[in-house]
Amino acid sequence: MAVLQMFLSGSIRVLLQSVIFISAACCLFEVVSAARAQTLPSSSGKILLNGDSLRALSLDGRQKDLAKTEIVDVTGESFTQALRVTTSPGAQSEWNVQLRTRPLASVKAGDVLLARFWLRCTESMTAEGFVGFVYELSRPEFDKAAEVRLGAGAEWTECFVPFRASRDFGADETQVCLRVGFDRQTIEIAGLQITDFGQTKKLEDLPRTHVSYAGREANSAWRKEAMNRIEKIRKGDLTIVVTDVSGKAIENASVHAAMTNHAFGFGSCVTVENLLDPSSDGQHYREIVEKNFNLAVFENDMKWQALYSGISPKVDQALNWLRERNIKVRGHNLVWPGWKWLPSALKQYQDQPEQLRQITAKHITDVVSHFRGKLIQWDVVNEPYTNFDLINLLGGPNVMVDWYKLARQADPECKLYLNDYGILEGGPDGAHSQNFYGNIQMLKDHGLIDGIGIQSHFAAALPSPVQLLQTLDKFSEFGLPIELTELSLNLDDRQLQSDYLRDFMTVAFSHPNVKGVMLWGFWEKRHWRPQGALFNADWSIRPHGQEWIDLVHKQWQTDVQLSTDNRGTANTRGFLGTYEITVSSGGKSKTVNASLEHDGTKVIIALD
């Protein structure tokens, strides 16, 4: 995780994990790994908001009922209180749930300002929380001097937003907003302050938060090591021998060897609705799935909530469409054991644990049996570290053993996985990782787990490639395959987004225990975090989408033209997977299919 130390107000402490875009000032902020000393301006300015301003913030927005706030005490920091904001799912936009207050004084056009505050996340689906900082007119057209999105993990993060007023902002017509209409999360905000330095300071002289990650440089040592591992573990030697019908070698035969399917899994979550959509959008959706992915998972259509009233024939129809195109499918998920993710009808049995036990067992058996032989993997349990209501009601973590046994009985050939988030972000020794490790060990001791699913949702916190490798090494101790199951990069900076996808994919592809990477969506109009989609709403491709295509279809693809030597032999080294091999000589041609394995493959083709 990138660390930036700043020397501010006599304090040397900050873990910055921010994604910031300031529209008016056109500034991009990055977190860098190298320590940089920054100081606040020595001259004082006009205080527009001070540390007590949190109490003046009021909930606002069309869906403000989705949030609640409270003042909480804080110890061990330079501030003693913080505003805790808890947001429930369902916000249709960031600004539909926000905190709002007015500044204490007016601002003149051209003034340079600095906003600073502390932020941390105490609970969310991805161990990160977000807030949007906005300084704007409180009337149409809502002209903005600053509009930023910031993020933080569990550690207190000091955030800095320098900006310049593009026009006059009267105190009675201006508002400061903290947008919190994101995914379910609980965040804490402290020490909010805005200072107007007039025109005595330059924007570039103010402290600012930069978003990046350690190891981004082209000459980073980890990169060369990863490329060497890729060459070693993801490739094999392909030998093609061309003969006539009598077995005599044919010299100078033309050989075309083209990969048709990669052995490594490159996938995305998909939806039944979009796969079956007859519109032009549906056609685009299906074309991208078929062209770019050899692995898929349904985003929500196989979760218990979706299947509680029965399995729709449309799920089977969409599943068959994928399998007909040789796209392997994971099952996600059988038990997501928190009340918020369980079918609401189960809540009536919360005082009847044995009834709940039976209902859960029947659900697992029925669903796995229905899809028997059609799925390669099942996430039997999802996110038990933060979702444990059902687990606690049924006697504790050991109940997961029973659930895995039921899944194994229902489909002995399907590989059983445990899936969780916050592992890569928190590092190999974080509390979340330790809990995950312990659950895997428990299931392995019973011979019930076949693989490890590690979610990969990133936004503000971008763990370095070295940290990613360290975490993957830690969980490789079990000797189980690892799937990076839910990759999303919720970043506004397209270059940073593209670079991180490239490096994340390179890390994954270079690690011997990682067997696949699964995007958590690819289209802006059907993505849980639209900024992370590979394709815009109009199907135009974003830079990181092009990066995905370049890696999967160019850099890590094998398509070669060869000629046989005097022994009728042509040799190449290619990426592991299935191949279509066409040989031609003397007006004759023949095409065969073959699979390139790590230990090498020899194919003999007789032209007749």
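Everything quoted here is computed from the prediction, not taken from an experiment.
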Distance-minimising heavy-atom pair for [X] and [Y]:
X      : Y      : value
Leu468 : Pro463 : CD2-CG, 3.8 Å
Gly453 : Thr485 : CA-CG2, 3.7 Å
Thr558 : Phe575 : OG1-N, 2.9 Å
Trp548 : Gly267 : CH2-O, 3.9 Å
Leu276 : Arg286 : C-NH1, 3.9 Å
Met442 : His446 : O-ND1, 3.0 Å

*What do the steps show when you test Val329 against Phe371 for side chain to side chain contact (heavy atoms under 4.5 Å, CB included), and what is the final call?*
CA-CA 11 Å; Val329 184; Phe371 295 110; over 6 Å; no
Is there a side-chain contact between [X] and [Y], using heavy atoms and a 4.5 Å cut-off?
X      : Y      : result
Val335 : Ile364 : yes
Glu483 : Leu295 : yes
Ile187 : Phe182 : no
Tyr579 : Val603 : no
Asn382 : Gln455 : yes
Tyr417 : Pro481 : yes
Glu128 : Cys121 : no
Leu394 : Leu390 : yes

*asked:* As a quick check of understanding, evaluate side-chain hydrogen bond (donor to acceptor under 3.5 Å, both in side chains) for Glu324 and Asn320, giving each step before the final call.
replied: CA-CA 6 Å; Glu324 287 166 1; Asn320 290 338; 5.7 Å; no
_Whether over 12 other heavy atoms sit under 6.0 Å from Lys232 NZ_ =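 Count not over threshold, so no.
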_Glu413 CD: over 12 foreign heavy atoms closer than 6.0 Å_ =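 Check fails, neighbour count at 12 or below.
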How far does [atom1] of [X] sit from [atom2] of [Y], to the nearest 0.5 angstrom?
X      : Y      : atom1 : atom2 : answer
Thr260 : Asp559 : OG1   : CG    : 11.0 Å
Leu472 : Gln467 : CG    : CD    : 10.5 Å
Ile327 : Ile376 : CD1   : CD1   : 12.0 Å
Leu487 : Ile454 : CG    : CD1   : 13.0 Å
Lys235 : Ile230 : NZ    : CD1   : 9.5 Å
Phe458 : Leu501 : CZ    : CG    : 10.5 Å

*Chi angles and distances behind the salt bridge (Lys or Arg N to Asp or Glu O under 4.0 Å) call for Asp503, Arg216*: CA-CA 8 Å; Asp503 289 348; Arg216 188 177 179 183; over 6 Å; no
_Can you see whether Ser595 engages Glu597 through a side-chain donor-acceptor pair at a distance of less than 3.5 angstrom?_
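A pair is found: one side chain offers a donor N or O, the other an acceptor, under 3.5 Å apart.
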_Residues Thr386, Glu383; criterion side-chain hydrogen bond (donor to acceptor under 3.5 Å, both in side chains); working and verdict_ = CA-CA 6 Å; Thr386 52; Glu383 302 176 1; 4.6 Å; no
*Would you mind checking if Asp550 and Arg502 are paired as a salt bridge, meaning a charged N to carboxylate O distance below 4.0 Å?*
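Salt bridge flag = no for Asp550 with Arg502.
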Where the side chain of [X] meets the backbone of [Y], is there a donor-acceptor pair that is under 3.5 Å apart?
X      : Y      : answer
Arg223 : Asn219 : no
His544 : Ala533 : yes
His262 : Gln557 : no
Lys314 : Val272 : no
Asn387 : Pro337 : no
Arg408 : Leu448 : yes
Gln185 : Phe130 : yes
Ser456 : Leu484 : no
Ser220 : Gly215 : yes
Asn294 : Phe264 : yes

*Between Tyr308 and Ser344, does a side chain to side chain contact (heavy atoms under 4.5 Å, CB included) hold up when you go through it step by step?*
CA-CA 10 Å; Tyr308 186 73; Ser344 58; over 6 Å; no
Kindly list each side-chain donor-acceptor pair under 3.5 angstrom involving residues 507-522, sequence neighbours excluded, with atom names and distances?
| unit_1 | atom_1 | unit_2 | atom_2 | d |
| --- | --- | --- | --- | --- |
| Ser510 | OG | Arg229 | NH2 | 2.9 |
| Ser510 | OG | Thr506 | O | 3.2 |
| Ser510 | OG | Val507 | O | 2.9 |
| His511 | ND1 | Asn513 | N | 3.2 |
| His511 | NE2 | Asp473 | OD1 | 2.8 |
| Asn513 | ND2 | Leu480 | O | 3.0 |
| Lys515 | NZ | Pro512 | O | 3.0 |

_Could you check, using the six-membered ring where one of them is a Trp, whether Tyr421 and Tyr385 have ring centers closer than 6.0 angstrom?_
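Ring centroids of Tyr421 and Tyr385 are no less than 6.0 Å from each other.
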*Checking side chain to side chain contact (heavy atoms under 4.5 Å, CB included) for the pair Leu275/Phe298: CA distance, chi angles, key distance, verdict?*
CA-CA 10 Å; Leu275 285 178; Phe298 287 103; 4.1 Å; yes
*Let me see the working for Val367 and Leu334 under side chain to side chain contact (heavy atoms under 4.5 Å, CB included), right down to the final yes or no.*
CA-CA 8 Å; Val367 172; Leu334 291 172; 3.9 Å; yes
*Write out all pairs satisfying side-chain hydrogen bond (donor to acceptor under 3.5 Å, both in side chains) with one or both partners inside residues 295-306, taking only residues at least two apart or from two chains.*
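Counting only pairs at least two positions apart or across chains, the side-chain hydrogen bond (donor to acceptor under 3.5 Å, both in side chains) contacts touching residues 295-306 are Asn300-Lys303, Trp304-His363.
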*Please work out which of the three classes, parallel, tilted or perpendicular, describes the rings of Trp336 and His332, given edges at 30° and 60°.*
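His332 vs Trp336 ring planes: tilted.
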*Are Asp429 and Lys474 close enough, and set up right, to give a salt bridge (Lys or Arg N to Asp or Glu O under 4.0 Å), and what steps lead you there?*
CA-CA 9 Å; Asp429 300 317; Lys474 176 69 175 180; 5.0 Å; no
*Residues which pass side-chain contact (heavy atoms from CB on, under 4.5 Å) with Asp389, listed by chain and number, not counting sequence neighbours*: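 Once residues adjacent in sequence are excluded, the partners of Asp389 under the side-chain contact (heavy atoms from CB on, under 4.5 Å) criterion are Trp339.
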